[in-house]
Structures are given as structure tokens and as C-alpha cells.
Amino acid sequence: MRYTLLVLALVFASVFGMPGKALAGPYFVCPVDCDSISALYPYAKGPAEDIMALQQELKQIGLYAGAINGIYDARTLAAVCKFQTMNHLEPNGIVDANTWGVLARSVEPVIKKRTPPPKGEVAIVIDTRTRKLIVMDDGMPHRVFPCAVGKPETPSPVGNWKIKRKAAHWGSGFGSRWMGLSVPWGIYGIHGTNKPGSIGTYASHGCIRMFNSHVEELYRWVKVGTPVYIIGNPLGPYPRPVLVLNSREPAVVEVQRVLAKKGYYNGPVDGIFGSAMLKAVIQFRKDNKLPYDNRVDGKMYELLGL
């Protein structure tokens, strides 16, 4: 197992190259990519997914016995107020960031014995297929954590990156720690979560979610500049995503790479479908007798060998 993971990391690095330098400059929150979670109010209609997560967590700790129905009803309110009272929070039934955080801690697995920190060079390998985050110590697996990765429609950014920023309690949906990645087309990171039930699944907007206790352990081991290798299929599941002007995702990187190799594209391989790539796509389609279009569709993927 250890040698398999090592080989995966080395092969991945040889194919995609080494991570680029950590980016500098302003760092703004992108609402499209964040994993924010809503504040919930008694009897108010909120996101059903969030209310169901609340009910499931309350049920897990024995405070709720009702249906997991996504409705903030009287039984849910009673369970929330009891939980808040038990944890010295104001028993007002409002599930705000503080209540979400304390609740998440209550249902996370308890770390009874912490792993000693790595002694050598640290790198992170994230396998989106198994939903595992592997901490490498001088090229050998040191610790394996379960994680949640992006949904099929919002996949995690496959590629080689670096830790770009570190922050504690960065936002309401990111748990207790945030480690931003140097992805050029959006804001992605490794972070904690207020939805511990999602760990081990395809659940996020592309970020890597971990239990808060796990991400706090990882946070101490990594520094800005630590390499992060995200393994998976950069084109996502079939059917391939149709790419258009301003698309931003891993599939764009692969198309840019192949178009550049074939001499059609000389812009940056950055995952952003811009004007230079648009010209390359139109010319490639024309040369290969495809119908005039400014999109990368299934037939173009086929001719690109993707």
C-alpha cells in the first residue's frame, strides 16, 4: 500500500510537472467555490440539505428522534435548544456558525492518540477516487485521513498545486482551519467542515473537506509552499463537460495542453478558457472539418485524443 501510493505520487508528478510557486497578492473569497453553510431559524424555510444535516447530527448524538425531512419543525427546535443548553450556548434555536461548529465537534470521531509529526519533507496526495488525503513524509505515506471532495458537477481541481494561504476560523463553512491552494481559476482549499456527515463522499464545490480535529492536526504539519497533488480524472465523468468561453475547470487545462502540443495554442495553461483558447478552438475545428462552433464538445475531445 505504501509503495503504491508513492508510485502514484511520482507518476503524477512526472506527468503533470512540479507545482508552481505559491501565488501572492490579494486573496478574496469566491462565493461560487466556498462551502458555506446557512444559519437556520426555527420554523423558517431554509436549505433542506442543511436542515437534514442538522437533524442527522442531532439524531447521531441522541437528541432527535424525528424524521430526517429537511423541515425545521417543533421537534427539531426542541432538540436544538436542548443541545445549546447542554453546551452553554444561548438556547434560542438559531443554528448559527457557533452552534454548527460545536455540533460538528460533537459528532466527529475522537482522536485518542495523536500521530507524531513528519520528520522529513512533507507533501500531500489527495486521491479523489478513494476520498483519501495522504500525508507524505520524505516520499513515504505518514498518515491517511478520510476527506470529502467535489461533486461530479463541481469537481476538485486535479493537478499539482501548493499551499498558498493558511488561516484559522476563516469562514462559517470552512470549519476550524483553512489551507488555500494555488489553483489559478478559482478559490479551492483543504479545510474543516460543519457537515461531518459528508466526509468520505463527493459533496463539496471542489474543496477538500476534513474533520476539524483532522485538519487541525494536518495544519500543524504543513507550511505555505507545501506541495499538494490531487489525483483523479481531470476531465471528470462521462459525458465530457462542454467547454465554452470563460469556462474554468481542470478539463480546460487538458484541452489547453493538447492544443499547445499540436501548435494551436500559445497561451498560459491555466484552466481558464480565454480569448487565445477561443481562437485555437475555432481553428482546430476548422482544420478538422468540424461544424463551426466556439465550444469544445464530444467530437472535439475525440479528435484531441481526450
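None of these values were measured; they are calculated from a predicted model. For the single chain, residues carry numbers from 1 onward in sequence order.
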Quiz item: Are S106 and E57 close enough that a side-chain donor and a side-chain acceptor fall under 3.5 Å?
Solution: no
Self-check item: Atom pair CD1 (I61) and CZ (F83), whose distance is rounded to the nearest 0.5 Å
Solution: 5.0 Å
Quiz item: Yes or no on side chain to side chain contact (heavy atoms under 4.5 Å, CB included) for I124 and L218, after CA distance, side-chain angles and deciding distance?
Solution: CA-CA 10 Å; I124 297 171; L218 177 66; 4.1 Å; yes
Practice problem: Evaluate the side-chain proximity of L306 to R240: yes if any heavy-atom separation is below 4.5 Å, no if none is. | Solution: no
Quiz item: To the nearest 0.5 Å, how far apart are CG in L290 and NZ in K299?
Solution: 7.5 Å
Self-check item: Heavy-atom closest pair, residues S156 and P250
Solution: O-CG, 4.0 Å
Quiz item: What closest approach, in Å, do W178 and Y188 show between heavy atoms, and which atom pair accounts for it?
Solution: CH2-C, 3.7 Å
Self-check item: Cation over ring face, K166 and Y219, 6.0 Å, 45°
Solution: yes
Quiz item: Taking side chain as C-beta onward, heavy atoms only, is N246 less than 4.5 Å from F273?
Solution: no
Quiz item: Short question: side chain of Q256, backbone of D270 - any donor-acceptor pair under 3.5 Å?
Solution: yes
Quiz item: What heavy-atom pair brings L181 and V228 nearest, and what distance separates the two atoms?
Solution: CD2-CG2, 3.9 Å
Practice problem: Could you pull out the closest heavy-atom pair between I134 and P141, with the gap in Å? | Solution: CG2-CB, 3.9 Å
Exercise. Would you tell me whether R209 and S204 have side-chain atoms, one donor and one acceptor, within less than 3.5 Å of each other?
Key: no
Quiz item: Any side-chain heavy atom of I71 within less than 4.5 Å of one from Y43?
Solution: no
Quiz item: Nearest 0.5 Å, what's the CD1-CG distance between I231 and D127?
Solution: 5.5 Å
Quiz item: Once the angle between the rings of H142 and W221 is folded into 0 to 90°, is it parallel (under 30°), tilted (30 to 60°) or perpendicular (over 60°)?
Solution: perpendicular
Quiz item: In Å and rounded to the nearest 0.5 Å, what is the CZ to OG1 distance from R143 to T115?
Solution: 4.0 Å
Quiz prompt | Beyond-backbone contact of L235 with E254, side-chain heavy atoms, under 4.5 angstrom | solution = yes
Exercise. Specify the closest pair of heavy atoms between G101 and N194, including all atoms of both residues, with the distance to one decimal.
Key: CA-OD1, 3.5 Å
Quiz item: Do M210 and P146 have side chains that get closer than 4.5 Å, going by heavy atoms?
Solution: no
Quiz prompt | Min side-chain heavy-atom separation R177-N212 under 4.5 Å | solution = no
Quiz item: CD of E121: more than 12 outside heavy atoms within 6.0 angstrom?
Solution: no
Quiz item: Considering only heavy atoms from C-beta outward, does the side chain of L303 approach that of F284 to under 4.5 Å?
Solution: yes
